[in-house]
There are 2 protein chains.
Amino acid sequence: MTSATETTPGSNAQRERRRRILDATIALADEGGFDAVQMRAVADDADVALGTLYRYFPSKIHLLVTALGRQFDRAEQQSRSRQVPGDTPHERVMHVLGVTTTALQKQPKLTEALTRAFMFADASVADEIHDVGMKLTAMLTHAIDGTDQTREPTEEDEAIVRVIGDVWLSALMGWVTGRTSAADVTRSMDVAVRLLLR
Amino acid sequence: MTSATETTPGSNAQRERRRRILDATIALADEGGFDAVQMRAVADDADVALGTLYRYFPSKIHLLVTALGRQFDRAEQQSRSRQVPGDTPHERVMHVLGVTTTALQKQPKLTEALTRAFMFADASVADEIHDVGMKLTAMLTHAIDGTDQTREPTEEDEAIVRVIGDVWLSALMGWVTGRTSAADVTRSMDVAVRLLLR
DNA sequence: TCCAAATCTAGAACGTGTTTCAATATCATA
DNA sequence: TATGATATTGAAACACGTTCTAGATTTGGA
């Protein structure tokens with residue numbers, strides 16, 4: 001038994017199963033969105049029994065929100081190191097939002113699946129949701145303050161970041177449900193950021 | 001055939017059926033929330049066949065979003081006439097939000113059902129969603145400007161109203177999914193309004 | 001190495017949103 | 001009023017999330 005490949009608990013075989021499940025989830029979501037992530041299909045593709053899938057993730061929502069967390073981790077790792085370009089908080093925040101929105105547009109089905117799961121999550125998924133919220137907050141706060149650390153994040157910064165996150169979620173909701181366009185998302189964010197960071 | 005009881009199309013019997021369906025929907029939602037609004041139960045309570053229910057409303061989401069629109073109409077009628085108290089836009093907006101949030105808290109199950117439907121609605125419900133959005137926008141714009149009509153709603157007013165609506169939806173989402181408290185909703189709104197109307 | 005406990009598998013089964021269909025009822029009009 | 005079109009009914013059937021069960025298989029400790 002080699003060890004320490006991950007911090008996830010369980011035996012090697014279990015970590016492997018978990019990875020296969022999340023990979024299958026992302027692949028199915030990327031192809032067909034929320035509806036295509038069917039529990040029987042995930043189990044089949046991941047080569048586990050349906051009961052096992054439910055042992056690892058107690059519901060489709062848990063499964064998708066966990067997958068969202070993993071995606072967020074990867075995106076954050078990519079962006080954390082780099083300095084955010086832009087001379088003002090406004091410019092930097094819009095840059096981060098722009099880059100992210102562009103990335104989401106490239107995998108619209110996946111975005112739809114993960115966003116819907118996030119919206120539908122109830123109290124039993126509070127931990128995972130909180131996790132995702134923290135990562136988003138960290139990303140935006142980092143953008144407001146810049147990497148040069150000229151100032152500490154103030155309480156006001158945090159409040160602004162929360163409002164931006166809310167507007168973003170609403171905009172994403174409109175987009176993934178097909179009621180608005182991706183350009184509308186950018187437009188909404190631009191207006192909100194202009195109002196908040198002035 | 002007496003006429004002109006409503007602007008809704010169809011025969012008297014059809015308008016009656018439609019009303020019974022929406023009444024049953026609201027009653028079930030008020031008692032047990034989103035999950036309790038089961039299509040078979042709605043059909044039974046409204047004394048129509050399941051197929052008839054689907055002829056009137058093509059999905060559970062359409063049904064609930066239409067019910068939401070009806071509730072909004074009633075709330076709007078109540079508030080439209082009255083002058084919104086408060087000397088500043090901030091005070092007036094917070095008053096409207098406070099009154100509405102209090103009302104929603106009194107029927108948490110109903111709020112949960114209608115909010116969830118709103119969040120889940122896809123493009124096929126765009127018209128109904130747009131309708132609800134317009135009503136909310138009108139209410140908030142009215143509050144910002146006051147009844148005394150000292151000024152026209154500016155483009156900025158409209159942008160602010162949209163952002164407030166977004167924050168409100170996010171806050172409601174957290175509350176109806178049991179992840180945050182009703183007090184958190186008020187707090188979120190207060191912070192957002194303070195940031196936007198300064 | 002052997003055994004008990006934990007885990008995994010295959011598959012059936014249940015609940016609820018949605019679809020479908022044949023039979024019946026209602027309506028609008030000639 | 002008769003008749004064809006339209007609406008309603010009742011019931012069955014399907015899809016997918018979820019639960020449950022009985023029998024392998026794996027695992028970890030004596």
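Naming convention: chains lettered A, B, ... in sequence-line order (proteins, then strands); numbering from 1 in each chain.
- Not counting sequence neighbours, A/D47 has no partner by the salt bridge (Lys or Arg N to Asp or Glu O under 4.0 Å) test.
- Sequence neighbours left out, the pairs with a member in residues 178-190 of chain A that pass salt bridge (Lys or Arg N to Asp or Glu O under 4.0 Å) are A/D184-A/R187.
- Every pair passing salt bridge (Lys or Arg N to Asp or Glu O under 4.0 Å) that includes a residue from residues 100-112 of chain B is listed here, sequence neighbours excluded: B/E112-B/R116.
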Can you pull every protein N or O that's under 3.5 Å from an N or O on nucleotides 3-5 of chain C?
none

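- Taking 4.0 Å as the cut-off between side-chain N and carboxylate O, B/E155 and A/R194 do not count as a salt-bridged pair.
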How does protein reach along nucleotides 13-20 of chain D, written 5' to 3' as B (base within reach of a heavy atom under 4.0 Å), S (only sugar-phosphate), or - (no contact)? B--BBBB-
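- Partners of A/R74 under the salt bridge (Lys or Arg N to Asp or Glu O under 4.0 Å) rule, at least two apart in sequence or in another chain, do not exist in this structure.
- Sorted by first and then second residue, the ring-ring contact (aromatic ring centres under 6.0 Å, His included) pairs involving residues 72-98 of chain B (not counting sequence neighbours) form an empty list.
- Checked against salt bridge (Lys or Arg N to Asp or Glu O under 4.0 Å), A/E128 has no partners two or more places apart in sequence or in another chain.
- For B/E76, the salt bridge (Lys or Arg N to Asp or Glu O under 4.0 Å) partners are B/R80, not counting sequence neighbours.
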All N/O contacts under 3.5 Å from nucleotides 1-7 of chain D to the protein, with atom names and distances to one decimal?
from, atom 1, to, atom 2, distance (Å)
D/dA7, OP2, B/R55, NH1, 3.2

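- Protein atom NE2 of B/H62 is 14 Å distant from nucleotide atom C1' of C/dT18, rounded to whole Å.
- Between the C1' atom of C/dT26 and the CG atom of B/N12 lies a distance of 14 Å, rounded to the nearest Å.
- Across all strands, B/D47 comes closer than 4.0 Å only to sugar-phosphate atoms, never to a base (heavy-atom distances).
- Residue pairs satisfying the side-chain hydrogen bond (donor to acceptor under 3.5 Å, both in side chains) criterion with at least one member in residues 19-34 of chain A, sequence neighbours excluded, are listed as follows: A/E16-A/R19, A/R19-A/D23, A/D23-A/R70, A/D30-A/Q107.
- Judged as a ring-ring contact (aromatic ring centres under 6.0 Å, His included), and not counting sequence neighbours, A/F118 has no contacts.
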